[in-house]
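A short write-up of the structure that comes next.
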Amino acid sequence: MSSEWPLWEIFIRGQHGLNHRHVGSLHAPDAEMAIRNARDVYTRRNEGVSIWVVPSNSISASSPSDKGPLFEPANSKVYRHPTFFDIPEEIGHM
Amino acid sequence: MYAQLVKSEGSKSREEMTPQELAFQERIDRGEKIEPKEWMPEGYRKTLIRQMGQHAHSEIVGQLPEGNWITRAPTLERKAILLAKVQDEAGHGLYLYSAAETLGVTRDELMEKLHSGNMKYSSIFNYPTLTWADMGAVGWLVDGAAIMNQVPLQRTSYGPYSRAMIRICKEESFHQRQGYDIMMKMCAGSPEQKAMAQDALNRFWYPALMMFGPSDKDSVHSAQSMAWKIKMNTNDELRQKFVDQTVPQAKYLGLTVPDDNLVWNEEKGGYDFSEPDWSEFFAVIAGNGPCNAERLGARIKAWDDGAWFRDGLMAHAEKAASRRIAAE
Ligand SMILES: [Fe+2]
Ligand SMILES: [Fe+2]
Ligand SMILES: [Fe+2]
């Protein structure tokens with residue numbers, strides 16, 4: 001038979017209080033083995049306190065060609081940043 | 001180096017590039033990272049697959065010469081250290097295989113190409129490790145040379161490759177230090193131990209210099225790879241840096257670099273040194289080094305002997321999944 005083990009994307013929480021962050025991928029037959037392999041491949045030096053594994057083919061990604069329509073609208077909305085507004089000095093911290 | 005003779009494409013002048021190729025080159029010149037799904041020239045993709053594949057294979061095959069000494073390490077502590085080092089190399093191979101997979105090649109395809117001899121690994125791993133001092137020389141010189149090449153590759157243009165290199169570089173300095181530590185111990189030991197250390201240096205010096213690949217004047221594939229920031233320095237630049245860094249370390253150990261022409265050149269601010277025997281290098285790359293058959297044979301055996309295990313776990317996973325669905 002020899003079918004290749006599926007690919008998993010690995011997310012690690014580096015420290016308590018932080019988000020899980022994508023660190024790479026690996027092959028494993030199932031989720032349980034993916035977690036075990038992720039421990040060996042990505043946390044050999046205390047890099048994590050928690051592991052998420054997600055089948056790579058379950059991830060939907062935005063396409064590079066959508067970069068413009070998705071992200072450019074934010075460029076013109078500078079008023080979303082607090083620095084857009086001038087607050088008089090005497091008002092103090094706001 | 002870990003990728004010594006990567007076939008690349010002929011480089012194009014700006015006038016010859018299509019608008020798309022030009023825009024791509026400009027992104028690279030600005031220092032932007034290229035990410036998996038983005039448009040890239042076919043040559044860029046192919047060269048990267050070859051280079052990252054060769055690099056990954058080198059990490060995996062590179063476990064063998066050191067694995068050879070795990071059962072015979074002189075103390076339990078040395079054994080644990082060597083085991084951790086060799087395990088790191090397995091990790092390095094895996095980071096690089098999965099980075100290569102983002103370019104649309106599967107790991108099984110890469111494995112098949114290694115086993116059939118269509119893809120190479122570094123020539124250095126085709127030399128035997130005869131004594132415990134070789135574990136010192138390998139960590140000090142081989143990982144030292146690897147670091148020299150890998151540190152600049154952290155800035156390579158392909159995002160997944162760059163991120164894999166950053167992870168790898170974090171781990172490499174432990175490798176070089178544990179090797180040098182072995183050398184220090186041997187050199188401070190009995191005359192016989194010191195002689196073993198000298199012998200290891202004698203045998204690994206020139207093969208280590210070969211790791212950087214042929215001299216720039218014979219290195220035909222560099223220009224395009226450098227324009228694409230897949231290769232960051234020329235072979236001779238890195239080799240020079242390596243010699244300049246390593247000679248004082250050998251002196252500290254009280255060892256002699258096996259090169260009568262080695263002399264400090266004030267004018268260039270570096271050492272003059274003898275080139276390795278390039279005919280030996282090409283023979284090893286072509287498959288005729290002292291351990292080529294043994295190394296590749298060990299990889300193929302591991303792959304074939306592991307097939308029932310890979311298949312068994314897959315079959316178990318599929319059964320468990322269908323049982324779960326039936327229960328729902
Ligand atoms: Fe490595
Ligand atoms: Fe290595
Ligand atoms: Fe290493």
Side-chain angles (χ1 to χ4, degrees), chain A residues 1-15 18-49 51-72 75, chain B residues 24 27 32-40 83-102 105-112 159-161 163-164 166-168 170-171 174 303-304 306-321 323-324:
Chain A
M1 54 184 261
S2 280
S3 60
E4 197 167 6
W5 286 349
L7 198 62
W8 301 76
E9 298 304 321
I10 312 304
F11 299 81
I12 306 247
R13 186 198 296 286
Q15 283 171 42
L18 296 185
N19 288 320
H20 284 77
R21 207 164 63 90
H22 183 246
V23 293
S25 50
L26 53 75
H27 289 273
D30 55 28
E32 187 192 336
M33 285 303 295
I35 290 175
R36 283 170 192 249
N37 291 350
R39 170 207 176 258
D40 287 343
V41 179
Y42 292 109
T43 66
R44 290 194 302 283
R45 289 177 176 79
N46 290 322
E47 288 97 333
V49 294
I51 300 172
W52 287 351
V53 302
V54 181
S56 301
N57 60 18
S58 300
I59 291 188
S60 309
S62 67
S63 110
S65 59
D66 286 345
K67 224 192 245 168
L70 284 178
F71 307 116
E72 256 158 37
N75 289 341
Chain B
F24 178 81
R27 289 190 62 196
E32 282 179 31
K33 296 280 180 240
I34 308 301
E35 295 296 339
K37 293 270 159 57
E38 296 170 346
W39 184 86
M40 58 186 79
L83 199 55
K85 198 262 186 197
V86 172
Q87 191 191 12
D88 274 353
E89 305 299 4
H92 296 179
L94 291 177
Y95 307 154
L96 286 161
Y97 284 126
S98 54
E101 282 180 279
T102 63
V105 64
T106 69
R107 192 171 71 189
D108 279 10
E109 280 163 8
L110 292 171
M111 287 294 173
E112 192 281 319
Y161 193 22
R163 294 189 283 274
I166 291 169
R167 290 192 73 86
I168 288 175
K170 268 196 204 143
E171 301 178 349
F174 147 57
W303 181 257
D304 291 345
W308 69 270
F309 178 77
R310 293 192 301 275
D311 291 349
L313 283 190
M314 200 64 238
H316 171 77
E318 276 158 8
K319 258 193 197 160
R323 236 180 285 135
R324 254 196 318 275

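Below, each value reflects all heavy atoms present in this structure, side chains not excepted, and no hydrogens, waters or symmetry copies. A note on names: the letters A, B, ... follow the listed sequences, proteins ahead of strands, and every chain is numbered from 1.
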Residue part contacting chain B, namely of A:E47, when any heavy atom lies under 4.5 Å:
side chain
[X] side-chain N/O to [Y] backbone N/O, donor-acceptor pair under 3.5 Å:
X: B:R27; Y: B:K33; answer: yes
X: A:W52; Y: A:H20; answer: no
X: B:R310; Y: B:W303; answer: yes

For chain A, find which of B:K170, B:R163, B:Q87, B:H316 contributes the most heavy-atom pairs closer than 4.5 angstrom.
B:Q87
Applying side chain to side chain contact (heavy atoms under 4.5 Å, CB included) to B:M314 and A:S3, what does each step give before you reach the verdict?
CA-CA 8 Å; B:M314 200 64 238; A:S3 60; 3.8 Å; yes
Taking side chain as C-beta onward, heavy atoms only, is B:D88 less than 4.5 Å from B:F174?
yes
Structural part of [X] lying under 4.5 Å from a heavy atom of chain A:
X: B:E35; result: neither
X: B:T106; result: both
X: B:R167; result: side chain

Closest-packed option against chain B by number of heavy-atom pairs under 4.5 Å, given A:M33, A:E32, A:R45, A:K67:
A:R45
